[in-house]
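Heads up, the thing below is written out as structure tokens.
Residue numbers start from 1 in every chain, and the chains themselves are labelled A, B, ... in the order their sequence lines are given, proteins ahead of strands. All heavy atoms count here, side chains included; hydrogens, waters and symmetry mates do not.
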2 protein chains.
Amino acid sequence: MVTLEDVAKQAGVSLATASRVLNGSTRQVGADLRARVERAAYELGYRANIAAQTLARGASNVIGIVVHDLTDPYFAALADGAMRAAAGENLLVMVGTTHRDPEQEIAYVATLNAQRVRAVLLVGSRVADPGVTERLRGELDRYQASGGRVACVGQDLLGVDTVAPANYEGAAALARSLAELGHTRFAILAGPPHLMTARDRCAGFASALAELGLPEPRVIQGPFDRDGGYRAAQETGEATCVFAVNDVMAVGALAAYRERGIRVPDDVSVAGFDDIATLRDQVPALTTVRLPLQDMGARALELALAAGEEPTVEQVAGEVVLRESVRAVR
Amino acid sequence: MVTLEDVAKQAGVSLATASRVLNGSTRQVGADLRARVERAAYELGYRANIAAQTLARGASNVIGIVVHDLTDPYFAALADGAMRAAAGENLLVMVGTTHRDPEQEIAYVATLNAQRVRAVLLVGSRVADPGVTERLRGELDRYQASGGRVACVGQDLLGVDTVAPANYEGAAALARSLAELGHTRFAILAGPPHLMTARDRCAGFASALAELGLPEPRVIQGPFDRDGGYRAAQETGEATCVFAVNDVMAVGALAAYRERGIRVPDDVSVAGFDDIATLRDQVPALTTVRLPLQDMGARALELALAAGEEPTVEQVAGEVVLRESVRAVR
DNA sequence: GGCACACTGGAAACCGCTTTCCTGGAGGTC
DNA sequence: GACCTCCAGGAAAGCGGTTTCCAGTGTGCC
């Protein structure tokens, strides 16, 4: 491994000079020494040891992103947005996937703290478990105490900068749009009760229905993924309109109805949430609530990096997008 | 920031002892000292500084994965497989996305080298540009010379451990299956000519047709993504069977046909490649060549970590999966 | 009882780089 | 011409760990 010292020696200069030339510094270096150093570095194929730099500078150029599942396009889009923003700031990205295990999430924060990453982005729904939240908070406190920056995408549960999609309001708006089409008997594929995102969307939808004086929707819980939607769709009974709390579940529901010969939207209307790009070509096209996922990811990074005294919570509105998977009744 | 020295001081032991207790070592430490150190570390909330550890140990516990685009489910699946494998080995993962820019890929290798990561995984098609390949090779050489490990998923172009999907053979097998259904007039949505993956799949398909004595397929080039498939599908003319070199393009093609009132598979059969999980619920279900993407990602990491003198090239077979997007003719 | 040996604990060298502090020379001013 | 300032270059002190080497102690064996 060629070190800075090798370069300095070959160029016939001091370590300090070589460092100043190669790795940026406010100090000037004379033209000929500078050239000698650059030449030596090139000839030797020098690559700075970033671990050493990080140690000496006391600051790294890495950020960490913790997501639940990269193969879920929702997280992929958020992560991608954050990574583009990071690339723009010349930051490297460390990605951890928890596969929905909150313990893993806590462990990642600890590890990223040990790595002294500049910022940590927690992407994905918080869970409604005070114990877990408490311990996560503890780990974050420790990290922040040593100068780490944190932002999260999801719920404002941690007292850190947060990009919060308007799950409740978005679902409520969707409910009103669907009610306007004449639907009265609703079902909600609600996901798991401990996931705040699922819960908020479910609650928003249900409360909008209540405000309109419509009958209570049938709420069917289950996993937050495609198969969860598929299975929950078996139990929607008489409902003429089904709201899945995310697009991936909605696609599962579409598959279930298709198999059973139930036509969407003729027999039942289906709506999702998120507006996942990969699913835009579904047939029938999915009615959903669009979230600007990439922007949200990028914004979270910005929030984390901006110093901000008080934690900022940024609400991101969703936009109801009516497509062919729903139709008007009567 | 609490350092090991703080812990040692609080526990009343030497730095060496504290290090041995907390950060793993072959050496034993007496029970009471051990307990004192652990207690002090806990009380102070000590987190080892990994940059320092990396520097001192001369080896990091990080690997790098370079992909083209995380929001493309193909890469997401490969990356996920690799990340699961990495988690099993207790390695952290640094992910870089090139957005299909080969220069970015080279730059990432340089950066990851500077980070002294344990291994680098290059995921995604090589490009048919000798200049780029040459420079990438140079950067990899440098990295490997200093003990770095490299593996790649895609083509065996770099003289490193490679997991190589059988693009040519898979496409050929698909062509034979489709020919068996009676099709004779084919079109290939071929993607861009410089992408080896696209090129190999296209060539495999075409040559199998040739061997069967069938007329030459119409080859339509374009981008490797959904919109590329959508646009290319405008030009398939008289073909009764269209092969898109990946699933995402095939979905684009399906959308194009749908819009134009061309029924799949009644009017035209469509097949893709990869068997992307997120697209399994497409209607009509996509005929494709299944690749075990997650396994491939995991395997690439294994290859990289295993010392291997000679670079291993591991062929991964694809499995033709016939679904409703194709039908027999005549 | 004496001696070799295994083992635990600590001092200190080192990993590769940054940055402070110091030195000497060039240039400017009165 | 003396004095001051400014600046380029180098020596060396860290950054926070790991690990080698050494010393001291307790144990086993003859």
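- For the pair B:Ala56 and A:Ala31, nearest-nucleotide mapping onto DNA chain D gives the more 5' position to A:Ala31.
- Here B:Leu301 contributes atom CG and B:Asp161 contributes atom CG; the two are 11.0 Å apart, rounded to the nearest 0.5 Å.
- Nearest nucleotide to the B:Val29 side chain, out of D:dA12, D:dT18, C:dG9: C:dG9.
- If you check every strand for non-hydrogen atoms under 4.0 Å, A:Ala48 touches sugar and phosphate atoms only.
- Evaluation of the salt bridge (charged side-chain N to carboxylate O under 4.0 Å, His left out) rule for A:Arg36 yields no partner, not counting sequence neighbours.
- Put simply, CZ on B:Arg27 is 10 Å from P on C:dC7, counting in whole angstrom units.
- You'll find that the side chain of A:Ser14 is closest to D:dA11, out of C:dG16, D:dA11, D:dG16.
- The side chain of B:Gln53 places an N or O atom within less than 4.0 Å of a non-bridging phosphate oxygen (OP1 or OP2) of D:dT18.
- Salt bridge absent: A:Glu105 and A:Arg135 never bring a charged side-chain N and a carboxylate O closer than 4.0 Å.
- If you take CZ of B:Arg47 and P of D:dG16, they are 16 Å apart, rounded to a whole angstrom.
- When rounded to the nearest whole Å, the span between CZ of A:Arg116 and P of C:dC17 equals 20 Å.
- The CG-C1' distance, from B:Leu22 to C:dG9, rounds to 15 Å in whole Å.
- Between B:Glu139 and A:Arg47 there is a salt bridge, since a side-chain N of the basic residue sits under 4.0 Å from a carboxylate O of the acidic one.
- Donor-acceptor pairing under 3.5 Å, judged by distance alone, is present between the side chain of B:Arg20 and the base of C:dG10.
- Among D:dC15, C:dC17, D:dA8, the nucleotide with an atom closest to any side-chain atom of A:Leu55 is D:dC15.
- One interatomic measurement links the two molecules: CG of A:Asn49 to P of C:dT18, which rounds to 10 Å at whole-angstrom precision.
- Here the options are A:Arg39, A:Glu43, A:Glu5, the test is side-chain hydrogen bond (donor to acceptor under 3.5 Å, both in side chains), and the partner is A:Gln10; only A:Glu43 passes.
- Judged by closest nucleotide on DNA chain C, B:Gly12 is the one of B:Gly12 and A:Thr17 placed further toward the 5' end.
- Computed from coordinates, the A:Ile50 CD1 to C:dC17 C1' distance equals 12 Å when rounded to whole Å.
- We find that CG of B:Leu33 is positioned 14 Å from C1' of D:dG24, with the value rounded to whole Å.
- Nucleic acid contact for A:Gly58: none, since no nucleic acid atom lies under 4.0 Å from a heavy atom of the residue.
- Rounded to a whole Å, the CD atom of A:Gln115 is 16 Å from the P atom of D:dG16.
- Closest contact between the side chain of B:Ser19 and the listed nucleotides C:dG9, D:dT19, D:dA12 involves D:dT19.
- In this model, the phosphate group of C:dT18 is approached by a side-chain N or O of A:Asn23 to a distance below 4.0 Å at OP1 or OP2.
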